[in-house]
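A quick write-up on the structure given underneath.
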Amino acid sequence: MNPDAWSLLGGRAERARRSWPAIKAALPVGEQVRVRVLAAMPFGVFVEIDGQPDALGLLEITAIARGGELPTVGGYFDAVVADHTAHNWQVRLRPAEVEAGG
């Protein structure tokens, strides 16, 4: 990942830290959201969540169906909030089609 992407994520992580209680309240587990991919890593993609500018979402590669591909940077997709990880202020996600059984 290029240094600009690290800078982008670092700023988002700081905003997420400051807004963590509000983020968790606005994005309960099970909530469906629309997201846009900010950065791709070997372990998954970091995303911005529509309507939650301070939240930092993560879709891990383990949440993708076997044989599936990670979404590309800049791409949009629907996801479901799977968990909140307080130690790094991330909203963990899974693809919405997994939730729907597809």
Side-chain angles (χ1 to χ4, degrees):
M1 185 165 77
N2 68 41
D4 290 339
W6 279 117
S7 176
L8 170 72
L9 294 178
R12 283 198 178 261
E14 176 56 24
R15 288 185 2 227
R17 182 191 65 76
R18 289 192 316 261
S19 302
W20 189 239
I23 289 168
K24 288 193 321 181
L27 297 169
V29 171
E31 182 83 6
Q32 185 161 332
V33 294
R34 184 81 172 153
V35 301
R36 184 175 70 90
V37 178
L38 296 172
M41 303 292 279
F43 54 83
V45 293
F46 287 100
V47 301
E48 67 180 357
I49 300 170
D50 279 1
Q52 296 297 319
D54 294 335
L56 180 58
L58 174 64
L59 174 73
E60 292 180 296
I61 197 166
T62 57
I64 304 293
R66 183 176 290 253
E69 295 183 15
L70 285 171
T72 58
V73 173
Y76 287 85
F77 64 97
D78 293 319
V80 175
V81 175
D83 197 11
H84 303 108
T85 55
H87 71 278
N88 56 9
W89 313 289
Q90 293 174 358
V91 177
R92 298 291 170 102
L93 303 165
R94 63 180 169 257
E97 67 269 8
V98 170
E99 189 71 15

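Remember, predicted model here, so these are calculated numbers, not experimental data. The figures that follow rest on heavy atoms only: side chains count, while hydrogens, waters and symmetry mates do not.
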Restricting to non-hydrogen atoms, name the atom on V81 and the atom on L93 that form the minimum distance, rounded to 0.1 Å.
CA-CD2, 3.9 Å
Quick one: do V47 and V37 satisfy side-chain contact (heavy atoms from CB on, under 4.5 Å)? Show the steps, please.
CA-CA 4 Å; V47 301; V37 178; 4.2 Å; yes
Mind listing the closest non-hydrogen atom pair of R12 and L38 along with its distance?
NE-CD1, 3.2 Å
Derivation and outcome, side-chain contact (heavy atoms from CB on, under 4.5 Å), residues Q52 and V33:
CA-CA 10 Å; Q52 296 297 319; V33 294; over 6 Å; no
In Å, rounded to the nearest 0.5 Å, how long is the span from CG of L56 to CD1 of I23?
8.5 Å
What donor-acceptor contacts under 3.5 angstrom involve side-chain atoms of residues 82-89, with partners at least two apart or in another chain?
{"from": "H84", "atom 1": "NE2", "to": "L27", "atom 2": "O", "distance (Å)": "2.6"}
{"from": "T85", "atom 1": "OG1", "to": "N88", "atom 2": "OD1", "distance (Å)": "2.7"}
{"from": "T85", "atom 1": "OG1", "to": "Q90", "atom 2": "O", "distance (Å)": "3.2"}
{"from": "N88", "atom 1": "ND2", "to": "Q90", "atom 2": "OE1", "distance (Å)": "3.3"}
{"from": "W89", "atom 1": "NE1", "to": "A86", "atom 2": "O", "distance (Å)": "3.4"}

Looking at CD of E14 and CG of D54, how far apart are the two atoms once the value is rounded to the nearest 0.5 Å?
10.5 Å
Check: R94 side chain, T62 main-chain N or O, donor-acceptor pair, under 3.5 Å
no
For a side-chain contact (heavy atoms from CB on, under 4.5 Å) check, start with the C-alpha distance between D78 and Q32, then their side-chain angles and the critical distance, and finish with the verdict.
CA-CA 7 Å; D78 293 319; Q32 185 161 332; 3.7 Å; yes
Are V45 and I61 connected into the same hydrophobic cluster when the rule is that any two of I, L, V, M, F, W, Y join if their side-chain heavy atoms are below 4.5 Å apart?
yes
Provide the closest heavy-atom pair for V80 versus A96 in the form atom of the first, atom of the second, distance.
CG2-CA, 3.9 Å
Value rounded to 0.5 Å, distance of CZ in R34 from OH in Y76:
8.0 Å
Considering all heavy atoms of both residues, which atom of A63 and which atom of P95 are nearest to each other, and what is their separation?
O-CD, 3.4 Å
